[in-house]
Structures are given as C-alpha cells and as structure tokens.
Amino acid sequence: MSLSMQPYKGARDFYPEDKRLHDYMFTTIRRVVRSFGYEEYDAPILEPLELYKAKTGDEIVNEQVYNFTDRGGREVAIRPEMTPTVSRMVAARRQELPYPVRWFSVPNLWRYERPQRGRLREHWQLNVDIFGEEGVAADHELIEVADGILKAFGATSSMYQVKINNRELIDVLIKDYLGLHDEQAHALTKLIDRMYKLDKEVVDKAIADVCGQDQTKIQKTTGLLQVKSLDQLPAEYKDHPATVAIRELLGVLSANRIDNAVFDISLMRGFDYYTGLVFEVFDTNPDNNRSMFGGGRYDGLVSLFGVEPVPTAGFGMGDVTLANFLDSHKLLPELPTETDVLVVLIGDVYSRASKIVRELREEGLNVAVDASSRKLDKKLKAADKRGIRFVMFVGEDELAAEQYPLKDLVTGNEEKHAVPRIITSIQDYRTQVN
RNA sequence: GCGGAUGUAGCUCAGUUGGUUAGAGCGUCGGGUUGUGGUUCCGAAGGCCGUGGGUUCAAUUCCCAUCAUUCGCCCCA
C-alpha cells in the first residue's frame with residue numbers, strides 16, 4: 001500500500017501557481033483594507049473549545065468544529081471562524097484600546113463538512129471588524145470596504161449585489177407582529193433562510209406547520225415573506241428604529257455611489273450573535289449563486305468576556321468563493337513568476353559564474369541559475385515554461401570577454417553586454433511592468 | 001448525515017457487446033553532429049484499467065462492497 005499523494009479531504013495544496021494567485025488576491029485585499037485605516041492582527045489557530053460554545057451556534061460546535069483533547073486534558077478547537085478570537089483580543093485590552101478600533105486578519109479556518117463547490121474544509125478568510133462605533137457609519141464603511149475590494153479586482157457593480165437586513169427588525173416582526181414563540185421563531189428563520197430555493201407549495205406547507213395551522217398567523221407570515229421593500233412592511237413597523245437604520249444605511253450607500261444594495265427580508269445569517277444590521281454580498285452570476293461576503297453588527301460578543309460591552313460590526317470573506325467569483329467573471333490576471341532572469345551556464349564555469357550571479361542579486365534581481373548538464377535548448381524550454389522572461393548565458397567565451405548574451409524570450413532579441421548594463425536593462429523592464 | 005455522477009498513462013479522455021501484447025492527444029525524457037526556446041521531424045519511457053471480493057474456462061469490461069473525487073441536499077463562514 002503506497003502513501004496517498006492527495007491532500008487531506010477538503011484542503012488544498014498550493015503549488016507555486018496556486019500560491020501566486022492566493023498572494024495576488026490577498027495582496028490586493030490588504031491594500032484596499034489598509035486604505036480604510038485597518039491594521040492587521042493574527043492569533044493562534046487553536047483556541048479553547050468553550051470559546052465557540054458561547055455564541056456561535058450549536059450545530060457548528062457540535063458537528064463542524066475540529067477538536068481534540070490535549071495532553072493536559074484541555075478541550076482544544078481548531079478555529080472555525082475568527083470573530084470569537086478577535087472579540088477575545090479586544091476584551092483583553094478593553095480599557096486601553098484607542099477607539100474606534102479597526103482591525104483585519106486573514107486566518108485559515110477549518111470546518112468539518114462535506115466539500116462542494118465554493119466550500120472546503122480549510123479556507124482563508126478575510127475578517128474586517130470595527131469596534132467602538134455604534135452608528136450606521138460602521139456598517140456603511142464595511143460595505144464600502146467590501147465594494148472597494150471587488151472593484152479593486154476590476155469587478156463592476158452589475159456583477160454583485162449587496163443584500164441588507166436587520167436582525168432586530170426580524171426579531172420584532174417575528175415575536176411582536178407574528179406572535180411566535182422562540183421555537184416557532186427559530187423554525188421560521190431557518191425556513192426564511194432557504195425559501196428561495198424551495199417550491200412555493202413547500203414553503204406554504206412549512207409556514208402552516210410553523211404557525212400551528214393558525215390562519216391569521218399563516219396569512220401574516222406569508223404576506224411578510226413577500227415584502228420586497230421597506231415600504232411594504234406592516235405600517236406600524238415602517239418607522240421602527242430597526243427599519244430606520246436600514247433606510248439610513250441604504251441612503252448613505254446610494255449617496256456614495258453604491259447602487260447595487262437592496263433590502264432583503266430573507267437575509268438571515270446563521271450565527272446567533274448578530275444583533276443589528278446584517279449584510280451579504282452575492283455574485284449575480286447564476287453559476288455561482290453564493291454569498292461571498294457576509295457580516296453585520298454583533299454588539300454582545302466582547303462583553304461575554306466579562307468586560308463592558310463594545311459596539312461592534314464586521315464581515316468575513318472567503319478565498320474560495322472569491323476565487324470562484326473572479327474566475328466566473330474572468331477577472332483573474334495572468335500572474336508572472338517573480339524570477340527575473342535565468343542564468344544558463346555553459347561548460348565548467350560554475351565557480352566563476354557564481355560571482356556574477358551574486359552581483360545581480362545584490363542589485364535586487366531575482367536570479368535562478370541552471371547549472372545542469374542538459375542541452376541548451378532544454379534549458380531554454382524550461383525557462384520559457386517557468387515564465388522567466390530573461391536568459392543570461394555564461395560560458396568560457398563570455399567570461400573571457402566579460403560580455404554576456406542576454407536573451408529576451410518574449411521578443412526573441414539577444415544582445416551582448418557587460419554585467420552592469422545587463423542589470424540595468426532587467427531593472428528597466430521590471431519598473432516598466434510595475 | 002442523505003442522494004446523484006465519475007474513477008483507464010503525469011494531464012484530458014477513447015476503448016473492450018467479457019477473449020492473447022491496453023489506445024490517442026498533450027506533457028515528460030532522449031535525438032535531428034558537438035553553445036540558443038516558443039513552429040517542426042524521429043524515438044523512448046510511463047498503466048496490477050481506484051482497492052477488495054463475487055460470477056465465469058476467462059473480468060479493465062458484469063455484480064457487490066469499499067475508498068476517493070465531484071455535484072446537490074442538510075447546514076452555513
């Protein structure tokens with residue numbers, strides 16, 4: 001029985017071309033997020049299991065967390081999300097932080113689940129959070145960041161849509177307007193979450209079940225789920241503070257050129273810790289009908305650590321869904337290698353050529369050396385395949401004359417120059433590209 | 001946890017209505033006289049036909065199981 005060459009189920013190997021793409025994505029993302037004044041943090045991949053028991057949601061802790069008992073008998077989890085961790089970090093310095101705190105990170109997260117399109121067991125997720133800003137400004141800024149990220153990849157606003165809702169409004173509607181008790185409310189939120197995927201008859205039947213066949217409730221619930229705009233809400237809730245917050249957010253977004261944001265009463269989000277405005281960014285490509293970014297306000301999480309509450313809002317965005325988005329909209333660029341030049345040695349010149357190679361590197365060039373004994377055409381082929389643009393030849397004749405052929409594999413041009421001239425022409429090319 | 005699809009060369013896939021030595025393209029490696037790629041020409045290597053069991057004179061092919069991949073459901077960042 002030989003060893004398997006496959007990576008662990010639901011996890012990926014990153015070969016250089018994959019890593020390049022990953023780096024490109026997160027370099028772009030970091031640039032945008034930093035432009036809003038966010039600073040990067042990080043934390044251990046392991047956390048005590050009880051961190052997630054508090055507020056995340058039962059199913060996630062019971063079935064989706066990788067956990068084990070360490071040698072000291074501690075229950076340990078591999079982090080399935082970053083929000084509890086960052087809340088812990090803020091709580092630990094609750095008194096001394098300069099608010100509003102703007103932090104981001106790009107952790108890898110693990111969840112034990114069945115892999116499928118857009119969902120793996122390990123993924124990297126951008127987390128952006130703002131602590132200490134209680135108003136709509138926080139939610140607006142986060143959506144601006146999300147929008148800015150997509151635009152930075154060359155996306156246009158028709159490629160995605162921002163859906164907005166308010167947990168508080170949903171709670172009020174379900175408990176006061178519909179008069180459902182906790183168990184019914186839970187069942188209804190789960191139903192709402194997936195109602196667009198179900199047939200109308202199935203939804204109707206499920207509503208009737210949830211409402212215990214109470215005709216008045218069934219009617220009100222059915223009506224509520226058909227609401228498409230704030231104006232269609234029941235009259236007594238049109239000016240509820242939770243509704244006002246949504247209206248205010250939509251207003252500030254459209255005043256700032258974000259025209260693809262809409263109120264969506266079906267937007268729920270799975271985590272129990274959300275307390276106010278919630279939003280998700282969806283790919284409008286039907287092949288990729290998944291949420292790419294999701295987040296909202298979770299004012300209660302920091303205070304779980306026994307400190308004064310901090311108003312908080314944040315969002316997460318996974319690398320897998322983003323890559324699917326970029327791919328389906330053809331927004332992935334060709335990413336060249338970082339290697340500037342391949343120095344091809346001809347004959348027994350290794351020691352003398354090494355001095356030249358060092359000179360090139362001291363000038364900041366990325367230089368690979370081919371000292372193998374393969375034939376020249378094979379070496380050139382390999383350089384081409386690796387996407388290295390320049391090839392410099394070093395052999396006995398060149399060393400004697402101190403003139404080296406530099407070949408540009410794209411144009412096919414080849415000229416002989418001394419080392420300093422070679423360095424500047426490669427550097428010139430590099431600044432020209434960047 | 002549930003359901004569908006698929007496992008043949010490094011990759012993409014043919015194929016065998018069950019029958020000797022298993023096929024292509026691409027890729028890899030070597031060569032087309034000794035120091036120049038992307039287009040060509042010649043050649044070679046490389047497969048327990050996912051794994052285990054069953055039926056059969058005979059299984060890569062049919063049946064069962066299992067594992068893996070993948071799409072969807074459940075759930076959801």
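So you know, we letter chains A, B, ... as the sequences are listed, proteins then strands, and number each from 1. Quantities reported herein were computed from a predicted structural model and do not represent experimental measurements.
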Using the salt bridge (charged side-chain N to carboxylate O under 4.0 Å, His left out) definition, which of the options A/Arg74, A/Arg88, A/Arg79 pairs with A/Glu47? A/Arg88

Within residues 407-421 of chain A, residues whose heavy atoms come under 4.0 Å of RNA chain B: A/Lys407, A/Leu409, A/Val410, A/Gly412, A/Glu414

Hunt down the Watson-Crick or G-U wobble partner of B/A65, both distances under 3.5 Å, from any strand shown, or write none. B/U51

Would you mind reading off the distance between A/Lys379 atom NZ and B/C29 atom P, rounded to a whole angstrom? 13 Å

Under 4.0 Å, heavy atoms only, any strand: does A/Arg374 hit a base, just the sugar-phosphate, or nothing? sugar-phosphate

Provide the distance between the two P atoms, one in B/G10 and one in B/C29, to the nearest whole Å. 15 Å

Gap between atoms CZ and P, on A/Arg12 and B/U69 respectively (whole Å): 14 Å

Taking B/A45 as the reference, what is the distance to B/A24 when you measure between their P atoms (whole Å, please)? 12 Å

Dump the intermediate steps for side-chain contact (heavy atoms from CB on, under 4.5 Å) on A/Phe279 and A/Asp139, then the final yes or no. CA-CA 9 Å; A/Phe279 74 92; A/Asp139 307 274; 5.8 Å; no

Categorize A/Glu122 for me: base, sugar-phosphate, or nothing, with a 4.0 angstrom heavy-atom threshold over every strand shown. nothing

Rounded distance in Å between the P positions of B/C75 and B/C2: 16 Å

Can you measure from CZ (A/Phe390) to CG (A/Leu365) and round to the nearest 0.5 angstrom? 10.0 Å

Distance between the P atoms of B/U16 and B/C11, in whole angstroms? 23 Å

For A/Arg30, salt bridge (charged side-chain N to carboxylate O under 4.0 Å, His left out) partners two or more places apart: A/Glu40

Atom NZ of A/Lys385 and atom P of B/C26: how far apart are they, to the nearest Å? 14 Å

According to the Watson-Crick and G-U wobble definitions, with both distances under 3.5 Å, which nucleotide is paired to B/U36? none

Atom CG of A/Leu342 to atom P of B/G35: distance rounded to whole Å? 17 Å

How long is the line joining CE of A/Met392 and P of B/U36, in whole Å? 18 Å

Do A/Arg119 and B/C75 share a donor-acceptor pair, side chain to base, under 3.5 Å? yes

Using the P atom on both, measure B/C74 against B/A68 and round to a whole Å. 24 Å

Mind checking the CG-OG1 spacing from A/Asn413 to A/Thr411? Nearest 0.5 Å is all I need. 3.5 Å

Watson-Crick/G-U partner (both atom distances under 3.5 Å) of B/U70: B/G4

If you check the A/Lys375 side chain, which of B/G35, B/G31, B/U36 turns out closest? B/G31

Side chain of A/Lys9 (C-beta onward), nearest among B/C71, B/G35, B/U69: B/U69

Whole-angstrom distance between B/G32 and B/G15, as gauged at atom P: 39 Å

When we call it a touch if two heavy atoms are under 4.0 Å apart, what does A/Gly118 touch: a base, just sugar-phosphate, or nothing? base

Rounded to whole Å, the CZ-P distance (A/Phe282 to B/A77) equals 10 Å

Please say which of A/Trp103, A/Phe104, A/Phe131 ends up in a ring-ring contact (aromatic ring centres under 6.0 Å, His included) with A/Tyr41. A/Trp103

Heavy atoms only, 4.0 Å cut-off, all strands: where does A/Asn127 land among base, sugar-phosphate and nothing? nothing

B/G18 pairs with which nucleotide, Watson-Crick or G-U wobble, both distances below 3.5 Å? none

Can you tell me the distance, in whole Å, between the NZ atom of A/Lys381 and the C1' atom of B/U28? 10 Å

Mind calculating the distance between CZ (A/Arg114) and C1' (B/G4) to the nearest angstrom? 11 Å

I'd like to know if A/Asp397 pairs up with A/Lys416 as an ion pair, taking the criterion as any Lys NZ or Arg NE/NH1/NH2 lying under 4.0 Å from an Asp or Glu carboxylate oxygen. no

When the ring planes of A/Tyr273 and A/Tyr298 are compared, do they come out parallel, tilted or perpendicular, using 30° and 60° as the limits? tilted

For B/C76, which nucleotide in any strand shown is its Watson-Crick or wobble partner with both distances under 3.5 Å? none

Kindly point out which of B/C76, B/U36, B/C73 is positioned nearest to the side chain of A/Gln116? B/C73

For A/Arg389, run the salt bridge (charged side-chain N to carboxylate O under 4.0 Å, His left out) check against A/Asp384, A/Asp340, A/Asp408 and tell me which one passes. A/Asp408

P gap between B/G52 and B/A59, integer Å: 14 Å

If pairing requires Watson-Crick or G-U wobble contacts with both distances under 3.5 Å, which nucleotide is the partner of B/G43? B/C29

Considering only heavy side-chain atoms of A/Asp384, the closest of B/G37, B/U36, B/C76 is B/G37

Side chain of A/Phe393, heavy atoms from C-beta onward: which of B/U36, B/A77, B/G30 has the nearest atom to it? B/U36

B/U56 and B/A14, which share atom name P, separated by this distance in whole Å: 32 Å

Which residue, A/Tyr112 or A/Val394, contacts RNA chain B at a nucleotide closer to its 5' end, judged by nearest heavy atom? A/Tyr112

Does A/Glu396 contact B/G35 through a side-chain donor or acceptor facing the base, at a distance under 3.5 Å? no

Output every pair passing ring-ring contact (aromatic ring centres under 6.0 Å, His included) with a member in residues 19-40 of chain A, not counting sequence neighbours, ordered by first then second residue. A/Phe14-A/His22, A/His22-A/Phe26, A/His22-A/Trp124, A/Tyr24-A/Phe153

Out of B/G35, B/G30, B/G72, minimum distance to the side chain of A/Arg117 belongs to B/G72

Which comes earlier along RNA chain B counting from the 5' end, the contact point of A/Met317 or that of A/Gly10, where each point is its nearest nucleotide? A/Gly10

